[in-house]
Amino acid sequence: MDRAAGTSGRGRGRGRGQGRSRSRSRGGGQGRGSRPCGRLAPGAGVLRSLSVGNTEQDSRPGRGPRRTAPRYSLLREVGRGTYGVVYEAVARKTGARVAVKKMRCDAPEKVELALQEFWALTSLDKRHENVVHLEECVLQRSGLAQRMSHGNKSSRQYLTLVETSLKGERTPGRPEEPCYLWFVMEFCEGGDLSHFILSRRPDPQTNSSFMLQLTSAVAFLHQNHIVHRDLKPDNILISEKSGSPVLKVADFGLSKVCAGLGGAGEPGAGDDKSRHDKSKHVNVNKFWLSSACGSDFYMAPEVWEGHYTAKADIFALGIIMWAMLERITFVDAKSKRELLGSYIKQGADIVPVGEALLENPKMVLDIPQKRRSRMPATTGKLLRDMLAVNPQDRPDAVQLQARLEQMVCAT
């Protein structure tokens, strides 16, 4: 059964496009919009002296914990949320810049978010250009660190985390120093989607490219049985290493791997063949989820009701693309940032599209919203299909990708 990972309560924005997010700030972003600072927070330098080994104890008789040279140097804090802190770092061996996200695992809710991200990213057998790449994950406690691997049943600390997540309560035992999961990922220097789009002049070519990249990423995730469940501009990062902007879907703390449970309690544990056999018959568009989680302004109507499939990701994409094409924004009530996001006006209130459609399923969305919009009729039709009240009327990710490619080729 799908377990709840989101917070409760709705909350509408008032006045000049203010809104509240249902999902929690987890420190998933890597730059703009979070609290940047020029120096490291207290205790942030721990990874500088951590030994990153494959085992907790040296296997040779009479030997203690194995220590190796530090692998990364933390440079600065670039993002902070309720559940994590993100640093810019450099790999000492190669000099490559990386993003390092530190998540404290001292409560079941925090453990679940960390493990969901770990399971989702390590379940991918192949890389995709538009999905953030996880270089490695390190489990740290008491000044020692251990590189995590999928289904790492030999690690006592890892199994304790899994048990904490499954039981939803702290595991009994004497109080110990908190443990942390450190996620080492590619660094995205271009910030998030809202910052990138709103800091530049409108560019139809960039919009088309970004829509194709987003759709390709979601199609890849769904084909690999992963439902993201929190697609929003904050969780779409921009890499500019190649000279042209490349989108990266990130932050998988609320994601769901739609596959059989492994022996240690995590999705798809075990060797590659068993993981493939357990998930090859899974259709994410028929895999029902029940946690009402995500961010209000990007949540599909059925998510508000707590009964949905991967088609909820398609709805979120529709909101993001519509807002990007017409530069529709609101001010987030908590962060005070201007974010890309479509909504419905009801007097002085702005209401999430999904919530408004749930209350009035016969409502017709006014797409394009702006009178002088140059949006092609085919694009408006596609967006309306993506935002259909009935999930069965929405295209799945593969169908969406094919339609977008045809539309872009025709222009």
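Just so it is clear, the structure is predicted and the values come from calculations on it, not from any experiment.
- Atom SG of Cys258 is separated from atom CG of Asn283 by 9.5 Å, given to the nearest 0.5 angstrom.
- Taking 4.5 Å as the limit, some side-chain heavy atom of Phe220 sits within range of a side-chain heavy atom of Leu124.
- The closest side-chain heavy-atom distance from Leu365 to Ile344 is below 4.5 Å.
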message = Thr329 vs Glu338, test: side chain to side chain donor-acceptor pair (under 3.5 Å). Steps then yes/no.
response = CA-CA 6 Å; Thr329 65; Glu338 185 178 17; 2.7 Å; yes
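- No side-chain heavy atom of Phe287 sits under 4.5 Å from any side-chain heavy atom of Thr309.
- Salt bridge absent: Lys370 and Glu326 never bring a charged side-chain N and a carboxylate O closer than 4.0 Å.
- Applying the side chain to side chain contact (heavy atoms under 4.5 Å, CB included) test between Pro233 and each of Leu340, Leu339, Leu198 identifies Leu340 as the sole match.
- Of all heavy-atom pairs between Cys105 and Val111, the closest is CB-CG2, 3.7 Å.
- Between Ile226 and Val284, the closest heavy-atom pair is N-CG1, 4.3 Å.
- With hydrogens and angles left out, the side-chain atoms of Ser73 and Arg92 include a donor and acceptor closer than 3.5 Å.
- Note that SG of Cys137 is 11.5 Å distant from CH2 of Trp182, once rounded to the nearest 0.5 Å.
- Between the side chain of Ser208 and the backbone N or O of Pro204, at least one donor-acceptor pair lies under 3.5 Å.
- At least one donor-acceptor pair under 3.5 Å links the side chain of Thr215 to the backbone N or O of Met211.
- From Leu254, atom CG reaches atom OG of Ser291 across 9.0 Å, with rounding to the nearest 0.5 Å.
- In this structure, Met321 and Leu383 have side chains that are in contact, with non-hydrogen atoms separated by less than 4.5 Å.
- Between Val389 and Pro361, the closest heavy-atom pair is CG2-O, 3.4 Å.
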query = Which is it for Phe183 and Met103 under the side chain to side chain contact (heavy atoms under 4.5 Å, CB included) test, yes or no, and what are the steps along the way?
reply = CA-CA 8 Å; Phe183 293 84; Met103 298 187 72; 3.7 Å; yes
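- The CD atom of Glu305 sits 13.0 Å away from atom OG of Ser290, with the distance rounded to the nearest 0.5 Å.
- Under the 3.5 Å distance criterion, the side-chain polar atoms of Lys232 are left unmatched by any main-chain donor or acceptor of Ser295.
- Counting all heavy atoms, side chain and backbone alike, Tyr72 lies closest to Ala91 at CD2-CA, 3.7 Å.
- Relative ring orientation between Phe210 and Phe196 is described as tilted, the plane-to-plane angle lying within the 30° to 60° band.
- Contact check for Arg76 versus Tyr87: no side-chain heavy atoms found under the 4.5 Å cut-off.
- Remark: the backbone N or O of Ala388 is paired with a side-chain donor or acceptor of Arg394 at under 3.5 angstrom.
- Relative ring orientation between Phe330 and Tyr343 is described as perpendicular, the plane-to-plane angle rising above 60° on a 0-90° scale split at 30° and 60°.
- For Ser209, the side-chain hydrogen bond (donor to acceptor under 3.5 Å, both in side chains) partners are Gln213, not counting sequence neighbours.
- Side-chain N or O atoms of Arg384 include one that pairs as donor or acceptor with a backbone N or O of Ile367 at under 3.5 Å.
- Scanning both residues, Ser342 and Phe297, for their nearest heavy atoms gives O-CD2, 3.9 Å.
- Of all non-hydrogen atoms in Cys293 and Tyr308, the two that sit nearest each other are SG-OH, 3.9 Å.
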Pair up each side-chain donor or acceptor in residues 399-407 with any protein partner under 3.5 Å, not counting sequence neighbours, and list the distances.
from: Gln399; atom 1: OE1; to: Asp396; atom 2: N; distance (Å): 3.0
from: Arg403; atom 1: NH1; to: Asp385; atom 2: OD2; distance (Å): 3.1
from: Arg403; atom 1: NH2; to: Asp385; atom 2: OD2; distance (Å): 3.1

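- Note on Glu129 versus Lys248: no salt bridge recorded, every NZ/NE/NH1/NH2 to OD/OE distance being 4.0 Å or above.
- A donor-acceptor pair is defined here as one N or O able to donate and one able to accept, closer than 3.5 Å; such a pair exists between the side chain of Asn130 and the backbone of Leu247.
- In this structure, OG in Ser123 is found 9.5 Å from NE2 in His225, a value given to the nearest 0.5 Å.
- One distance of note links CD of Gln116 with CG of Leu121; it measures 11.0 Å at 0.5 Å rounding.
- A side-chain donor-acceptor contact under 3.5 Å links Lys311 to the backbone of Pro391.
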inquiry  = Before you tell me yes or no, could you show the steps for Arg71 and Glu136 under salt bridge (charged side-chain N to carboxylate O under 4.0 Å, His left out), namely the whole-Å CA-CA distance, both residues' side-chain angles and the distance that decides it to 0.1 Å?
reply    = CA-CA 11 Å; Arg71 294 169 59 87; Glu136 66 177 337; 3.1 Å; yes
request  = Apply side chain to side chain contact (heavy atoms under 4.5 Å, CB included) to the pair Val218 and His228, showing each step before the final yes or no.
outcome  = CA-CA 8 Å; Val218 174; His228 190 281; over 6 Å; no
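- Annotation: side chain of Asn207 is in contact with side chain of Ile197 (closest heavy-atom distance under 4.5 Å).
- With hydrogens and angles disregarded, no donor-acceptor distance shorter than 3.5 Å links the side chain of Glu135 to the backbone of Glu186.
- Inter-residue side-chain proximity for Phe187 and Ser239 is flagged as unmet; no heavy-atom pair is nearer than 4.5 Å.
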ask   = Under the side chain to side chain contact (heavy atoms under 4.5 Å, CB included) criterion, do Val100 and Val86 qualify, and how do the steps go?
value = CA-CA 6 Å; Val100 179; Val86 181; over 6 Å; no
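- Between Phe252 and Phe118, a ring centre-to-centre spacing not shorter than 6.0 Å is recorded.
- Not one N or O on the side chain of His195 forms a donor-acceptor pair closer than 3.5 Å with the backbone of Gly190.
- Between Asn224 and His128, the closest side-chain pair of non-hydrogen atoms is not below 4.5 Å.
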request  = Evaluate the side chain to side chain contact (heavy atoms under 4.5 Å, CB included) criterion for residues Tyr298 and Ile320: first the C-alpha distance (whole Å), next the side-chain angles of each, then the deciding distance (0.1 Å), finally the verdict.
outcome  = CA-CA 8 Å; Tyr298 312 93; Ile320 295 168; 4.0 Å; yes
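- Although no hydrogens or angles enter the test, the distance criterion places no donor-acceptor pair under 3.5 Å between the side chain of Asp192 and the main chain of Leu237.
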